[in-house]
Amino acid sequence: MHYLAEGLRLPTNGLDYTILAIYFVVVLGIGFAARASVKTSLDFFLSGRSLPAWVTGLAFVAANLGATEILGMAATGAQYGVAVVHWYWIGAIPAMVFLGLVMMPFYYRSKVRSVPEFLLQRFDRSAHLLSSILFAFAAILIAGVNLYALSIVVEALLGWPQWVAIVVAGLFVLVYITIGGLSSAIYNEVLQFFVILAALIPLTLLGLKRVGGWDGLTGSLEKSHGSDFLSAWGGTGIGDANPLGANWLTIILGLGFVLSFGYWTTNFAEVQRALSAKNLSAARRTPLIAAFPKIFIVFIVMIPGLVAAVLVPKIGTSGSDLTYNDAIPLLMQELLPNGVLGIAVTGLLAAFMAGMAANVSSFNTVFTTDIWARYVKQGRSDAYYLRFGRLITAVGVLASIGTAFIAASFSNIMSYLQTLFSFFNVPMFVVFIIGMFWKRASMKSGVWGLIAGTTAAMINYFWIYKQGVIDIPTDQGANFVSAIVGFVAGAVVMVVVTLFTAPKPEAELAGLVYGTESPDAVEAPDEGDDAWYRKPALLGWGAIALAALCYLPYSV
């Protein structure tokens with residue numbers, strides 16, 4: 001990611017800094033308040049499985065409101081136009097619905113504390129250990145992305161040195177997660193969700209007003225960028241050239257299926273929020289409740305990017321010192337008065353801290369329960385694992401500070417994250433999906449599927465794309481192709497290995513494969529009436545239908 005332009009320094013005053021200080025005090029206050037509920041390791045890592053669906057649902061979507069959502073998606077809107085809606089209505093909603101309706105019963109009823117632990121039950125220790133290591137590594141890298149994004153924004157907007165912003169934000173996340181565990185992270189994410197909306201909604205409305213409303217915005221963009229800029233599918237025919245560097249097939253398969261399902265259904269930073277729900281019904285509704293605000297969040301990140309493309313026609317071009325990543329800070333400087341400016345800066349900090357906290361809290365769970373307690377120090381007391389969980393949280397934050405500087409070597413945050421997802425989430429997804437729907441999949445096929453998927457995705461990106469073996473126009477297009485290659489390679493290897501190795505005994509597959517029922521699966525009854533909003537199927541299909549309706553204005 002390029003450094004934000006030096007001319008974007010915001011005219012902040014005492015009121016803006018007061019709002020920022022109040023937010024940090026409240027964040028720490030939530031952490032100390034949550035401390036009283038942390039008595040066991042289950043309380044620390046999964047909030048004692050006691051939270052209501054509306055809390056876990058908002059935390060689920062807030063955990064994703066990090067660097068990609070705020071800077072990355074606005075930059076994508078400024079660069080590619082309304083094609084950014086693909087990352088929401090194709091690249092998120094269907095996978096979130098699938099997670100709630102199909103996969104959460106497997107996760108929740110098996111009583112696992114993490115996503116890799118499910119692979120231990122379905123496959124074997126080698127698949128479990130490899131997936132745990134891969135996820136822990138990816139979580140630290142992604143947490144570092146959020147810290148780095150925060151630092152460059154704070155440096156450009158407020159004048160703080162990058163290292164100061166990284167250390168201060170990292171320490172705040174460390175304090176409230178170490179003290180209050182996952183409950184502190186989740187309740188802070190609920191707060192951060194509303195703070196982020198309070199920051200982005202005024203920016204969107206004032207931006208539209210500046211360019212003459214929606215009609216003025218679309219009229220200006222059609223003249224300067226062409227009609228395809230305002231169409232989600234314009235120029236995506238196979239063989240056609242378009243700025244996104246992807247055709248409809250790679251968008252649907254690479255983004256809509258492989259990357260999307262790989263992220264939303266196996267990324268423990270998200271799934272952990274649903275696993276902390278009070279019962280299975282609440283766990284299933286968590287991603288479905290999150291899907292509804294997710295449908296509309298695209299507008300408050302896309303429209304500022306489009307407005308920036310109108311106000312600064314040369315943004316992102318070789319003749320300008322402003323990159324596409326400057327879209328949000330540029331509008332903050334141009335449009336927001338003091339006070340509202342303080343809320344906007346607080347919203348940006350909240351977004352980056354939410355993304356970092358989600359990954360750190362999932363990292364400490366996986367490292368403690370799946371690596372340390374399983375392979376290093378077995379059979380210790382619960383109090384020991386609780387203390388170790390707090391210790392490894394500090395290690396995770398320090399490691400994230402280090403990986404924040406790795407992120408600085410990449411030219412675009414969004415491309416970097418999509419690359420990480422194709423390397424780590426996609427192979428895990430193919431192992432999950434085959435293991436959950438094919439009883440014959442052998443115990444050894446899991447680990448070899450992970451190795452093959454990860455290796456194939458890396459070979460496609462670093463050799464076939466980077467070395468120019470096959471011409472792929474953009475990093476985004478390469479990530480879509482890498483995801484497809486990793487998925488196919490993992491699936492083929494799993495099938496081949498299964499043909500030559502023994503399957504898991506059928507008696508051990510109860511509750512782990514679709515169509516089988518765990519003998520001890522008992523769901524606590526949900527409180528309240530039998531209203532429609534308590535029915536996961538209706539929520540899920542409603543979210544998909546609403547997303548499809550939103551697509552109509554941008555389909556041609």
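Just the heavy atoms: all of them, side chains too, but no hydrogens, waters or symmetry mates, feed the values below.
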Please tabulate, for side-chain N and O atoms in residues 540-547, each donor-acceptor pair with protein atoms closer than 3.5 Å (sequence neighbours left out).
none

message: Using 0.5 Å steps for rounding, measure from the CD1 atom of Ile186 to the OG atom of Ser361.
response: 7.5 Å

field: Inter- and intrachain pairs under side chain to side chain donor-acceptor pair (under 3.5 Å), touching residues 297-310, at least two apart
entry: none

message: Please report the interatomic distance CD1(Ile434) to CE(Met436), rounded to the nearest 0.5 Å.
response: 12.5 Å

- request: Quick one: list whatever passes side chain to side chain donor-acceptor pair (under 3.5 Å) with Thr365, sequence neighbours left out.
  value: Gln272

query: Does Phe296 have any ring-ring contact (aromatic ring centres under 6.0 Å, His included) partners at least two apart in sequence or in another chain, and if so, which?
result: none

task: Kindly write out the residues that satisfy side-chain contact (heavy atoms from CB on, under 4.5 Å) with Leu509, not counting sequence neighbours, or none if the list is empty.
output: Arg122, Lys439, Lys504, Val513

statement: Lys209 meets the salt bridge (Lys or Arg N to Asp or Glu O under 4.0 Å) criterion, sequence neighbours left out, with none

field: Distance in Å, Asp370 CG paired with Ile133 CD1, rounded so as to fall on 0.5 Å steps
entry: 11.0 Å

query: Which atoms form the tightest heavy-atom contact between Tyr108 and Ala277, and what is the distance?
result: OH-O, 2.8 Å

message: Once side-chain contact (heavy atoms from CB on, under 4.5 Å) is applied, do any residues pair with Pro304, and if so which ones, sequence neighbours excluded?
response: Thr204, Ile328, Leu331

Salt bridge (Lys or Arg N to Asp or Glu O under 4.0 Å) partners for Glu189, two or more places apart: Arg273

Run the side-chain donor-acceptor check on residues 191-201: report pairs under 3.5 Å with partners two or more places apart or on a different chain.
residue, atom, partner, partner atom, Å
Gln192, NE2, Tyr23, OH, 3.0

- prompt: Does any non-hydrogen side-chain atom of Val38 lie less than 4.5 Å from one of Ser183?
  reply: no

Summary of side chain to side chain donor-acceptor pair (under 3.5 Å) pairs that have at least one residue in residues 286-302, sequence neighbours excluded: Thr56-Thr286, Asn64-Lys294, Glu69-Lys294

field: Phe424 vs Phe135, ring-ring contact (aromatic ring centres under 6.0 Å, His included): CA-CA, chis, key distance, verdict
entry: CA-CA 7 Å; Phe424 299 114; Phe135 177 80; 9.4 Å; no

message: Aromatic contact between Phe480 and Phe257, with the criterion being ring centroids under 6.0 Å apart: yes or no?
response: no

message: As an exercise, state the distance from CD1 of Ile297 to CD1 of Ile300, rounded to the nearest 0.5 Å.
response: 6.0 Å

- request: Could you list the residues that satisfy ring-ring contact (aromatic ring centres under 6.0 Å, His included) with Phe367, not counting sequence neighbours?
  value: Phe363

message: Quick test of your reading: applying ring-ring contact (aromatic ring centres under 6.0 Å, His included), list the pairs with at least one residue in residues 263-288, sequence neighbours left out, ordered by first then second residue.
response: Phe60-Trp264, Tyr263-Phe421

- request: Check Thr393, Asn359, Thr369 against Asn364 for a side-chain contact (heavy atoms from CB on, under 4.5 Å) and give me the one that passes.
  value: Thr393

- prompt: Ring centres of Phe98 and Phe261 under 6.0 Å apart?
  reply: yes

